Amino acid sequence: MTRLTEYLLPTEKQAPADAEAISHKLMVRAGLVRQMGAGIWTWLPAGWRVHQKVVQVVREEIDAIGGREMLMPVLQPAELWRKTGRLQIDELFKLQDRKGSELVLAMTHEEAVTFHAAQTIDSYRDLPLILYHFQVKERDEPRPRAGVLRTREFVMKDSYSFDRDQGGLEERYALHVGAYDRIMARTGLRFYRVESDVGMMGGIGAHEYMAPCAAGEDDVVIGEGYAANVEVARNDPRVQCVAGADGGVVAGGKAGGGERWTRDGQALTLEPAIEIGNIFKLGTRYSEKLGATYLDEHGTALPIWMGSYGIGPARIVAAAVEQFADEHGIAWPVALAPFAVHLVALGRPATPERDAADGLYDTLLAAGVDVIYDDREAGPGEKFADAELLGCPVRLTVGRRSLESGEIELQLRRGRRDGPALPLGGEPAALVRALDELCQSLP
RNA sequence: CGGGGAGUGGCGCAGUCUGGUAGCGCACCCGGCUGGGGGCCGGGCGGUCGCAGGUUCAAAUCCUGUCUCCCCGACCA
């Protein structure tokens, strides 16, 4: 039942005064999210639907490479983190229970999953294995910013692979690359997979998935068949960075300064982007510290080779808003839209046109179409404006004109183009088929 | 953590300099009109002016302290 009169979709004409990023402004204005504190956000019903659509895409692809979904706790004993040497990380929230026992709020789950691997994985016969969950992460960020782009609490899909040797890890890593590529492609986002700095993680290889957008926090260097983080690009002997004609002074770290980048003489471009996923080859760092070993065929105990793979659904949502918004609002990719179809009823209650819209809604609902129905007593301008703000890919309109023409008007959100009108009162099966085909054809 | 800015009803704001019973637009409620792009008229509800202390006959306004939020940078396992 998704009639707007029975829903909570608190849209606003004006964005919060302190909002800067497009996704921040639009997600609040469209009634998807609301803020509670710095970097602390609530997902309202329509926003959570979008989030869950990302989650489902991710779930399907990680399941497809053999991932096993589970759920690990956020509240964890500090001792586990002391063992891995991460207890003193500033971003880690620490607390005590009533007895004074030290606890932490997990910012990631390597400790937890390795703790269980140590308990439950005994033999080479138990390997390889991929475990994952969707769970809240808590991070005491020095500076939360840009709506849901950088928050102190957020849901992450994190998977962990367990192998008997480095070769196995490379295989599990390659499987994740494939899954991540498919996930990003399915979301409809523009994205790059870039080599990243393994940095403090001390791992043996890592990639980041970056979605270019104006609110991006990192710069990505892009060329024909090449994409890398600026940090990585700077260390690439084939890449040259020279100051531009305007003096080359870059204001801050954001792209758009006067630098000119080339690789083997070929021009590269610099784009701001946000990190929407990352994958790490951890090696045996955590398994050694937490005693996660297996016995091989000779009865020898060996450390398990691990990989760690994260995706932030909220960032994918925000990146989609950033990439596809126009001056009227959000324009979701089909895969992420809170609803595939936004049905607008124009007539007042108890008019023939309203009856027709009600009837159409019932038909769509019965056929399982993912539809939101604007049955409010509001003017057409307000309804159209809200529909464009919310950004569902297909808008259907039923009003007096529909009765005269016998057609349901159809507009596509992307580009606000008129789509093929559908017959009003026609065969429901044919109507649903036409809508399905249309949605399949949309990005 | 360094620099800058801001806290007044759900959202956006004025009022603060120069102290004198808190105001506007939107939203919301009631009535009426309108009905294909945020429409119009009338009547309403809603605010300890972030918090604490101080000055004063009187504080949103002046003083002190404190909390919170935003932006830029640093940071980002």
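Keep in mind the model is a prediction, meaning the values are calculated, not measured. Residue numbering restarts at 1 for every chain, and letters A, B, ... go by the order of the sequence lines.
With both ends at atom C1', the span from B:rA14 to B:rG23 equals 7 Å, rounded to whole Å. Spacing of P atoms, B:rG46 relative to B:rG10, comes out at 13 Å, to the nearest Å. B:rA6 sits 23 Å from B:rU18 when the C1' atoms are compared, rounded to a whole Å. Going from the P atom of B:rU64 to that of B:rA22 covers 25 Å, rounded to whole Å. Using P as the reference atom, B:rC51 and B:rC67 are 15 Å apart when rounded to the nearest Å. Separating the P atom of B:rC30 from that of B:rC69 is a span of 37 Å, rounded to the nearest Å. Across B:rG38 and B:rC28, the matching C1' atoms stand 16 Å from one another, rounded to whole Å. For B:rG15 and B:rG2, the P atoms lie 31 Å apart once the distance is rounded to whole Å.
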Open item on the list: What verdict does the side chain to side chain donor-acceptor pair (under 3.5 Å) test give for A:Asp375 and A:Thr5, after you've listed the backbone C-alpha separation in whole Å, the side-chain angles of each residue and the deciding distance to 0.1 Å?
Closed with: CA-CA 6 Å; A:Asp375 60 337; A:Thr5 52; 2.7 Å; yes
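Atom-to-atom, CG of A:Asp140 to P of B:rC1 comes out at 10 Å; the value is rounded to the nearest Å. We find that CE of A:Met36 is positioned 17 Å from C1' of B:rG50, with the value rounded to whole Å. Residue A:Leu346 contributes atom CG, which lies 13 Å from atom P of B:rG35 at whole-angstrom precision. For the pair A:Arg348 CZ and B:rG32 P, the interatomic distance rounds to 12 Å; values are reported in whole Å. As a whole-Å value, the separation of A:Glu217 CD from B:rC75 C1' is 11 Å. Straight-line distance from the CZ atom of A:Arg139 to the P atom of B:rA77: 8 Å, rounded to whole Å. Put simply, CG on A:Leu390 is 17 Å from C1' on B:rG37, counting in whole angstrom units. Atom NZ in A:Lys383 sits roughly 13 Å away from atom C1' in B:rG37 (whole-Å rounding).
Using a 4.0 Å heavy-atom cutoff across all strands shown, A:Arg395 reaches at least one base atom of the nucleic acid. Residue A:Gln35 is in sugar-phosphate contact alone, with no base atom involved, counting any heavy-atom pair closer than 4.0 Å across all strands shown. Within 4.0 Å of A:Asp386, counting heavy atoms only, lies at least one base atom of the nucleic acid. Nucleic acid contact class of A:Ala387 (heavy atoms, under 4.0 Å, all strands): none.
Of the listed nucleotides (B:rG38, B:rC69, B:rG36), B:rG38 has the atom at the smallest distance from the side chain of A:Thr11. You'll find that the side chain of A:Lys13 is closest to B:rC26, out of B:rC72, B:rC26, B:rA77. Picking from B:rG38, B:rG36, B:rC69 the nucleotide with the shortest atom distance to the side chain of A:Asp18 gives B:rC69.
Within the 4.5 Å cutoff, side-chain heavy atoms of A:Met27 are placed close to those of A:Val148. By the 4.5 Å heavy-atom criterion applied to side chains, A:Val136 and A:Phe154 are not counted as neighbours.
A donor-acceptor contact shorter than 3.5 Å links the side chain of A:Gln323 to the backbone of A:Arg190. Without hydrogens or angle criteria, A:Glu141 side chain to A:Arg143 main chain gives no donor-acceptor distance under 3.5 Å. The main-chain N or O of A:Glu12 is found under 3.5 Å from a side-chain atom of A:Arg29 such that the two form a donor-acceptor pair. At least one donor-acceptor pair closer than 3.5 Å links the side chain of A:Tyr180 to the backbone N or O of A:Gly310. A:Lys94 places a side-chain N or O within donor-acceptor distance of the main-chain N or O of A:Leu92, the cut-off being under 3.5 Å. Judged by distance alone, the side chain of A:Thr351 and the main-chain N or O of A:Gly347 form no donor-acceptor pair under 3.5 Å.
The aromatic rings of A:Tyr309 and A:Tyr173 sit tilted relative to each other, their planes meeting at an angle between 30° and 60°. The aromatic rings of A:Trp43 and A:His51 sit perpendicular, their planes meeting at an angle over 60°, well past the 30° parallel limit. Using the six-membered ring where Trp is involved, A:Phe134 and A:Tyr132 have ring planes that are perpendicular, over 60° apart on the 30 and 60° scheme. The aromatic rings of A:Tyr373 and A:Tyr361 lie parallel to each other, with less than 30° between the two planes, well short of the 60° mark.
When each of A:Gly147 and A:Glu141 is assigned the nucleotide of RNA chain B bearing its nearest heavy atom, the one mapping closer to the 5' terminus is A:Gly147. Where A:Thr108 and A:Leu389 each meet RNA chain B at their nearest nucleotide, the meeting point lying more 5' is that of A:Leu389.
OP1 or OP2 of B:rG2 has not a single side-chain nitrogen or oxygen of A:Arg143 nearer than 4.0 Å.
Summarising the geometry, atom CG belonging to A:Leu26 is positioned 8.5 Å from atom CD belonging to A:Glu322; distances are rounded to the nearest 0.5 Å.
Residues from residues 401-420 of chain A placing a heavy atom under 4.0 Å of any atom in RNA chain B, listed by number, are A:Arg401, A:Ser402, A:Glu409, A:Arg416.
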Are any protein N/O atoms closer than 3.5 Å to N/O atoms in nucleotides 3-11 of chain B? If there are, list each pair with its distance.
from, atom 1, to, atom 2, distance (Å)
B:rC11, O2', A:Gln14, O, 3.2

Every protein N/O lying under 3.5 Å from an N/O of nucleotides 40-42 of chain B:
none

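When both distances must be under 3.5 Å, the Watson-Crick or G-U wobble mate of B:rU16 does not exist. For B:rA6, the paired nucleotide is B:rU68, the pair qualifying as Watson-Crick or G-U wobble because both relevant distances are below 3.5 Å. With a cut-off of 3.5 Å on both Watson-Crick or G-U wobble distances, the partner of B:rC62 is given as B:rG54. Pairing partner, B:rC28: B:rG44, with both Watson-Crick or wobble hydrogen-bond distances short of 3.5 Å. If you check B:rA22 for Watson-Crick or wobble pairing at under 3.5 angstrom, you find it has no partner at all. Across all strands shown, B:rG73 is found opposite B:rC1 as a Watson-Crick or G-U wobble partner, with both distances under 3.5 Å.
Shown here is A:Arg400, whose CZ atom has no more than 12 heavy atoms of other residues, nucleotides or ligands within 6.0 Å.
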